[in-house]
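Report on the structure given below.
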Number of protein chains: 4
Amino acid sequence: MKSLVLEEKHKLSLRDFPIEREEAMGPRDVRVKLHTVGICGSDVHYFTHGQIGPFKVERPMILGHEASGTVIEVGSQVTALKVGDRVCMEPGIPDPNSRATRLGMYNIDPAVRFWATPPVHGILRPTVVHPEAFTFKLPDNVSFAQAAMVEPLAVGVHAATKAQVRPGDFAFVMGAGPIGLVTALAALAAGCARVFVSDIDDAKLEIAASLGPITPINVTKQDAAKVILAATDGWGVEIVFEAAGSPKAAATIFEPLCPGGRVVLIGGQSQPIAYDAGAAMVREARVENIFRYAHVFPRCVAMLSSGAIDVKPLITRTFAFDDSVRAFEIAASAPKGEVKMQIAMPQ
Amino acid sequence: MKSLVLEEKHKLSLRDFPIEREEAMGPRDVRVKLHTVGICGSDVHYFTHGQIGPFKVERPMILGHEASGTVIEVGSQVTALKVGDRVCMEPGIPDPNSRATRLGMYNIDPAVRFWATPPVHGILRPTVVHPEAFTFKLPDNVSFAQAAMVEPLAVGVHAATKAQVRPGDFAFVMGAGPIGLVTALAALAAGCARVFVSDIDDAKLEIAASLGPITPINVTKQDAAKVILAATDGWGVEIVFEAAGSPKAAATIFEPLCPGGRVVLIGGQSQPIAYDAGAAMVREARVENIFRYAHVFPRCVAMLSSGAIDVKPLITRTFAFDDSVRAFEIAASAPKGEVKMQIAMPQ
Amino acid sequence: MKSLVLEEKHKLSLRDFPIEREEAMGPRDVRVKLHTVGICGSDVHYFTHGQIGPFKVERPMILGHEASGTVIEVGSQVTALKVGDRVCMEPGIPDPNSRATRLGMYNIDPAVRFWATPPVHGILRPTVVHPEAFTFKLPDNVSFAQAAMVEPLAVGVHAATKAQVRPGDFAFVMGAGPIGLVTALAALAAGCARVFVSDIDDAKLEIAASLGPITPINVTKQDAAKVILAATDGWGVEIVFEAAGSPKAAATIFEPLCPGGRVVLIGGQSQPIAYDAGAAMVREARVENIFRYAHVFPRCVAMLSSGAIDVKPLITRTFAFDDSVRAFEIAASAPKGEVKMQIAMPQ
Amino acid sequence: MKSLVLEEKHKLSLRDFPIEREEAMGPRDVRVKLHTVGICGSDVHYFTHGQIGPFKVERPMILGHEASGTVIEVGSQVTALKVGDRVCMEPGIPDPNSRATRLGMYNIDPAVRFWATPPVHGILRPTVVHPEAFTFKLPDNVSFAQAAMVEPLAVGVHAATKAQVRPGDFAFVMGAGPIGLVTALAALAAGCARVFVSDIDDAKLEIAASLGPITPINVTKQDAAKVILAATDGWGVEIVFEAAGSPKAAATIFEPLCPGGRVVLIGGQSQPIAYDAGAAMVREARVENIFRYAHVFPRCVAMLSSGAIDVKPLITRTFAFDDSVRAFEIAASAPKGEVKMQIAMPQ
């Protein structure tokens, strides 16, 4: 009955942590027993730095927001779920009355409450109460481990959706971390004929190259734009996804881009990036900036179930919940070749 | 050195047929020796009916427009192709100065000249002169037979492009003929999580079901809309593709469609269809009407090469050129279970 | 303190009609004293026919859904409105938790409750309780009469939005009734350089021609497609709006349409329309089907205030509330040259 | 029979300048006698700096690219124009066979030849030979002076088109120079309810404020983002147009932008701009980068003719051709309150 609590920067403990408010069920809520929780870079960043941008850990906070589990209680007005259903959950809950939410863009509602973003607790704990509308039933052929990958996958699928991938496009994904790789998978699923993926870590690029028609580029050894232009008869790719969050990468987003191409900025940047307006202009580039995701969880579940996307190669290591502090310490060491590490909760 | 000539309705002959005008090379043209030619329903229709809509066979005409081959001569200004290149060709050549062409919609330029559409000859003949701009080099791993499938595949890919498929969409394709099946393949490649395909022929539906996450529906036994609504919790599919050219199917396009869904009308209709405006309205359906394709041949080649789309299961029979009259007679008999029949040209 | 009650088909009375349920205020509701109410064709149709499609008047129902008024009470959580604010109201209230609503398409949520659509009462009555989120404050320079035009105008603005009008487009609006004329105004405001409007009533066409760069076409005397093609060098218009609800008009929507053009079907149709799929195909027409409107009320108010749209010429007659039965009788007689008749409520 | 020749940086002369190559007519060309030519900032920049980016004046070059005139000769295949027609001309001629051109994006074809961009001559000369396809007939009610404004106006209309303005949007245009003002006019014509325009020159802002529902903001006295957020209840504008080419302005493009808003970068930037990726992300901003225009000249002519756009207030001064050197010297002095200066050619 323990939770993983970030007491303060650098200090994690596994302990009882009663959170009353969240445990009150509304009529449209369900209570979920957690089964698998993925470790995200943002969880690790709160552990190592105590804050991300304006969000600062000022009181003990439970970590974790990539989750699957089993419904153990349903509210009186719940219709689509029942006790025993295996589910995954979308970690952000918007205000249904905000202007952005009503327009269908609930992810950019400033009032959204998102797990493991101070002061909202995450879900490395026994159970959580969550709205039915943000809880998605799993088909039998989607495992809890795969389902806990839906959250990061949703970022890639949202990026590919915003990019308006057309069948036969070529794309370039900057960064072969978890978000880069789910973006590459999403780009392929969305119709790309080929995806170039760049990184500085050969181990990650090797995993990338195993995922489909993906050309890995180690930017410490090759000029990505040159490789891409040579492979496309000088035309370039239709889409560039910046998933590295690297200022250096961001400064070169237009070089491998074709006339009329699109760029999607996914990776967070702590400083303004150097945007080459001249290069953007002569291509009439369109740049999409995305924030998390909206409306894609059920789409991800459907694609995992149909086989359109396979995330299993990205799950490189699983820890028991009792080892979760060690799991975070390992994650914080930026281990080569690890993509997604997950924690199996006690059942 | 023979061609397959439709002398008049019901009368095909294999004979010498000198066509001078086309054989004059311009500086941006290439001459291609034909290798494989697919038989299209429109070729068969000219054979059996002598006309399609306003296009009437009034003089002997060579049939065939789905083709691959080898470059045997290049014009003085050709830069992207050389003798010996294996290629496929787009059969319609627009006027580059027309208003529609300049807007990028060359397929709906009224002045387009299209192979095997009277009075323009097709390519069941030894060689053809063609503009470099509409001739596409094949990668080594795309066979001539696959390449001759690019033309019908292009219809499906154009349909999926116009439908603006988003990853995780569900789609319904009406009709499991060659166009229906390439549309289903294109829809999956473009991101659909699942595609429902309907037909009245179980043999074709069996092929459909083998192509991926496809649910076959025999409409002589099942109500397609009911099957689809049951499988989608009453929501419906995001996209309906009408690829049967059936007035009866066209009258029901909105029934299985979700709110905000899109319909793509692909199949030709000889009479106005009964369009259920009320059903369209309450869903705010968007209906796209497509005509052939534009800009998708190189995309199809890339997807065949990368493995994103596999058309091999659709090629159900191949004939030697000497047997091409018989091939047309068989095709005209609407054989069960045949999808695409091709003719291998003498090399 | 009376309401205008449709007791049954053909029978209107002005009488006390207590409606308790609606008068209970929630914390995010406001209570509005009605000032001006427009008479819509649907109100008249319930009066003359007792039903529209599946919606049947089975119990006495208050009519009216085009309304402006003054806030006289606010709920405890209302923040954007205060007592004394002049407002107009959107007549349809969706379920915030439905799938369509969450996607931003609340107008096609099947659970929407819409004024004066059985069994929901309209607002030809002293006061109404309404959600703040669907109540819009009026700037000083927008009169109550103009504000009561926002509801029909919203249909035209939604149609122009769905049509994705680009600056300099040419458009054709079929029908010069209230909806046709607001659509013409919206099309001009949205960037059309010129709009053709057709009808059979010269008086309405004369009003149309006075509204801006509008070319009237009386279809009893002229062939609309010929007029339009002659005026556009044979190219046609980029957009056709069907706002007549006429099967005959609907059968000809593609004739004056340019390659790549868009059609918006606005008018309700009681039977399937004869859709010329061949004509749609050779143009690759896109057809949008719309249902009421979403998210456009504040846009309409802003355009009335800025002068981008002027609806005053469409308000052809105003009645005192005591004369409202007579007003409906006149409206039911389809008077020539009347566009919008309004009722001034007692203040 | 003289031309205005930029001999080298800072040195203009009015002299005979025979240019043979251009004067050879093709069958689809027309010869135009120039009537009115506007002075563009780029013409002035070549005069004062001798180059713009990579384009360097290395030989004497005729200036001018904003032009209207009269057809005095037509090629044998010209069908839409005849001698005596009053016309305006699009100054960039693409390669019809390039990939970008075929996709409909001829403006970003790298092979485009553009007037008064080295080594291509401009049109401050007696006559010019031009393709019919890029020469547009003027209606009687569009003057030569207005027609010479079509070229800059086209930039604004292209920007508004790319922004996908929806009726009732609010927009913000940074910069009240000629491009800023045509963009504001285009934004209003495209459906904006209100446009905010910023500059540092009160004289230009006064002209801006006279053009319609435009709110001027002098950024030396007011914080533009604060003014806009206050005027929009904290929501922001749907569209920001950067037309100042100012690095400082570019660094703040997202501050006044609403969730889901769009930014169009119009102004050239000599250095990478500081792009606030975090601010872009939380709004999911879409950024369009534009280069000149495509397909909008006939749209501009139609909107001038219909009255949808009135450019006359922007033409602040006209010079005789004999005074054109002085006109450039004045233009180079950045005179307060001047928007567009034009030169009347000898007739």
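Chain letters run A, B, ... following the sequence lines, proteins first and then strands; every chain starts at 1.
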**Q.** Heavy-atom pair count under 4.5 Å with chain D, highest-scoring of C:A80, C:A193, C:P167
**A.**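 Greatest number of close heavy-atom pairs with chain D: C:P167.
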Q.
Looking at chain D, which one of C:P298, C:A186, C:G168 has the largest number of heavy-atom pairs inside 4.5 Å, strictly under?
A.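 Most heavy-atom pairs within the cutoff with chain D belong to C:G168.
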Between [X] and chain C, which part of the residue has a heavy atom less than 4.5 Å away: side chain, backbone, both or neither?
X      : result
D:D169 : both
D:A190 : both
D:L188 : backbone

Q. So, do C:H295 and C:Y106 have ring centers that fall under 6.0 Å from each other?
A.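 C:H295 vs C:Y106: aromatic centres under 6.0 Å.
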Q: Select, from D:G307, D:A302, D:A308, the one with the greatest count of heavy-atom pairs under 4.5 Å involving chain C.
A: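 Heavy-atom pair counts peak at D:A302.
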(Q) Looking at every heavy atom in both C:A176 and C:L205, which two are closest together, and how far apart are they? (A)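 The pair with the smallest heavy-atom distance is CB-CD2, 4.3 Å.
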Q. Taking atom CG of C:D310 as the centre, does the number of heavy atoms from other residues, nucleotides or ligands within less than 6.0 Å exceed 12?
A.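 Above 12, so yes.
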**Q.** D:D109 side-chain N/O to D:A100 backbone N/O, donor-acceptor pair under 3.5 Å
**A.**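 Not confirmed, D:D109 side chain does not pair with D:A100 backbone.
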Q.
Using a 3.5 Å distance criterion without hydrogens, assess whether the side chain of D:R262 forms a donor-acceptor pair with backbone atoms of D:R286.
A.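 A pair under 3.5 Å: no.
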